[in-house]
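Just so we're on the same page: letters track the sequence lines, and every chain starts at 1. Here the structure is a predicted model, which is why all the values come from computation and not from measurement.
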Protein chains: 2
Amino acid sequence: MPTREPSETRILSVASEHLRQFGLKRFTVVAVAEEAGMTHANVYRYFPSRGALIDAVVDVWLKTTERRLADIADGPDPAADKLERLILALAKGNRDLLSEDPHLFAALSQAVAKRHAISRRNRTRVRALFERVIDEGIASGAFEPRDRDRAIAFVIDATHRFIHPAALALEADVPQASVDARLATLIRVALRVLETGII
Amino acid sequence: MPTREPSETRILSVASEHLRQFGLKRFTVVAVAEEAGMTHANVYRYFPSRGALIDAVVDVWLKTTERRLADIADGPDPAADKLERLILALAKGNRDLLSEDPHLFAALSQAVAKRHAISRRNRTRVRALFERVIDEGIASGAFEPRDRDRAIAFVIDATHRFIHPAALALEADVPQASVDARLATLIRVALRVLETGII
DNA sequence: ACAATGACAATTTACATAATTTGTAATTTG
DNA sequence: CAAATTACAAATTATGTAAATTGTCATTGT
């Protein structure tokens with residue numbers, strides 16, 4: 001007989017599937033427990049609350065995209081290339097989630113809006129990746145901003161519209177090609193700004 | 001005896017006061033009519049629906065700030081100065097509304113989120129002011145973008161975070177001075193980008 | 001000791017129904 | 001005739017209650 005998947009991971013994967021299928025409102029601990037082959041009380045051995053279980057599902061997705069971003073940031077390419085790919089990957093990741101998995105996107109949006117710990121920590125780590133790449137660009141001489149902190153804030157503020165879930169949801173019906181073109185312009189300008197010491 | 005304020009304006013000012021005090025959810029046509037000294041049916045002589053009345057209140061505010069923006073755009077100053085003041089006035093107007101009148105801000109946010117006609121038209125007119133000032137800057141030689149449409153989209157996208165109600169609401173608890181500093185940086189950079197033909 | 005359960009209280013949600021509000025139209029008033 | 005009202009249907013919201021879910025804990029089984 002096959003070794004059964006440990007309870008915690010089984011709960012998590014069932015919960016993930018339920019959240020995708022039914023959305024936040026119709027997501028119940030009872031139904032998840034049943035499908036995972038246990039009573040709901042046992043779920044509470046592994047997750048302290050319904051909200052914590054939902055956060056755990058969102059966190060899995062956040063961590064997955066974080067790894068993709070970290071791979072980019074850790075690569076051997078020039079800082080400018082890496083910063084561009086970092087921004088594009090973040091924007092595309094969130095945008096694809098919105099179109100391919102609206103329920104999970106809604107859960108992510110709520111976690112961000114309500115400033116859950118998972119989203120605050122994700123934000124901190126993603127910001128750290130941006131900082132690392134920009135610092136690397138400064139060290140290599142590719143970027144020459146007059147104020148490093150200001151430069152980082154500028155990049156994050158300027159790209160906000162294409163990265164933040166709440167902003168992305170506003171443009172759900174704008175043709176993707178048009179959004180892509182505007183983002184490409186913004187990135188090109190931001191890189192030039194960092195390179196030329198305008199900031 | 002004093003000539004009574006005409007019904008339509010009286011309804012509108014009572015409605016404005018009720019919206020500010022009670023918010024969208026507790027705003028009723030019946031209560032507005034009562035305070036305006038008439039039955040609710042008579043309100044429908046002037047406004048076709050509850051939603052239209054709320055939109056009219058929001059529209060008064062939008063038009064007021066539009067006039068302020070138009071005054072800036074019509075002024076005799078250099079285009080760069082006017083563009084800076086345009087962005088600052090828009091950002092400050094929305095931000096002050098958020099802190100001083102959260103209920104009206106919520107009504108505005110909803111009108112924007114649901115793409116009501118009033119907000120779409122406001123957006124179009126405000127965008128036209130931006131276009132006018134940028135075109136003026138191009139005509140005077142102050143701005144030299146390689147692509148005029150791209151430049152306009154860039155300015156609007158980059159400042160989105162400080163102007164759009166949904167984005168402003170996210171930063172309600174960030175110290176205003178810090179937000180102001182970041183916006184000042186963004187504006188300075190945007191102007192330099194327009195001036196130097198980076199875009 | 002650890003995973004899981006059954007039983008149970010607290011909380012939330014679903015649902016039926018009452019009350020209110022929205023919106024329309026015929027009628028009244030000045 | 002323009003402004004307003006009364007009267008009423010339709011739609012929405014409030015309220016009370018049943019049902020389900022969330023969360024706790026003592027107990028069971030391994």
Trainee: Can you tell me the distance, in whole Å, between the CD atom of A:Glu34 and the C1' atom of D:dT21?
Mentor: 13 Å
Trainee: Map A:Arg26 and A:Arg45 onto DNA chain C by nearest heavy atom, then report which one ends up closer to the 5' terminus.
Mentor: A:Arg45
Trainee: Using atom CZ of A:Phe27 as one end and atom P of C:dT13 as the other, report the distance to the nearest whole Å.
Mentor: 14 Å
Trainee: List the steps and the verdict of salt bridge (Lys or Arg N to Asp or Glu O under 4.0 Å) for B:Arg45 and B:Glu8.
Mentor: CA-CA 9 Å; B:Arg45 289 189 61 76; B:Glu8 183 169 345; over 6 Å; no
Trainee: Tell me whether the side-chain N/O atoms of B:Tyr44 come closer than 4.0 Å to OP1 or OP2 in D:dA4.
Mentor: no
Trainee: Counting only side-chain heavy atoms from C-beta out, which of D:dT21, D:dT5, C:dT5 sits nearest to B:Asn42?
Mentor: D:dT5
Trainee: Could you tell me how far apart B:Ile11 (CD1) and C:dG23 (P) are, to the nearest whole angstrom?
Mentor: 14 Å
Trainee: Using whole Å, what does the distance between atom C1' of nucleotide C:dT13 and atom CZ of A:Phe22 come to?
Mentor: 17 Å
Trainee: Closest approach to the side chain of B:Val30, judged atom by atom: which nucleotide of D:dG23, D:dA3, C:dT22 is it?
Mentor: C:dT22
Trainee: Expressed as a whole number of angstroms, how long is the span from B:Arg50:CZ to C:dG23:P?
Mentor: 8 Å
Trainee: Report the nucleotide, chosen from C:dT21, C:dT24, C:dT5, that has the shortest atom-to-atom distance to any side-chain atom of B:Ala41.
Mentor: C:dT24
Trainee: Show, in sequence, the C-alpha distance, side-chain angles and deciding distance for B:Arg20 and B:Ser16, and conclude whether the side chain to side chain donor-acceptor pair (under 3.5 Å) test is met.
Mentor: CA-CA 6 Å; B:Arg20 281 160 209 270; B:Ser16 179; 3.2 Å; yes
Trainee: Between D:dT22, D:dA4, C:dG23, spot the one nearest the side chain of B:His40, thanks.
Mentor: C:dG23
Trainee: Does A:Ala166 offer a backbone N or O that forms a donor-acceptor pair with the side chain of A:His164 under 3.5 Å?
Mentor: yes
Trainee: In whole Å, I'd like the distance from the CE atom of A:Met38 to the C1' atom of C:dG6.
Mentor: 16 Å
Trainee: Quick one: do A:Lys63 and A:Asp59 satisfy salt bridge (Lys or Arg N to Asp or Glu O under 4.0 Å)? Show the steps, please.
Mentor: CA-CA 6 Å; A:Lys63 292 257 169 64; A:Asp59 205 35; 2.8 Å; yes
Trainee: Expressed in angstrom and rounded to an integer, what is the separation of B:His18 atom NE2 from C:dT21 atom C1'?
Mentor: 15 Å
Trainee: Is there a donor-acceptor contact under 3.5 Å linking the side chains of A:Thr64 and A:Arg68?
Mentor: no
Trainee: Which base sits across from D:dA9 as a Watson-Crick or G-U pair, both distances under 3.5 Å?
Mentor: C:dT22
Trainee: A:Thr28 near the nucleic acid: base, sugar-phosphate alone, or nothing, with a heavy-atom cut-off under 4.0 Å?
Mentor: sugar-phosphate
Trainee: Please figure out whether A:Lys25 or B:Val29 has its closest DNA chain C nucleotide nearer the 5' end.
Mentor: A:Lys25
Trainee: Have a look at A:Phe47 and say if it touches a base, only the backbone sugar-phosphate, or nothing, with a 4.0 Å heavy-atom cut-off.
Mentor: nothing
Trainee: Take the protein atom CG of A:Leu24 and the nucleotide atom C1' of D:dT21, then report the distance between them rounded to whole Å.
Mentor: 16 Å
Trainee: Return no unless some side-chain N or O of B:Ser7 is found under 4.0 Å from OP1 or OP2 of D:dA4.
Mentor: yes
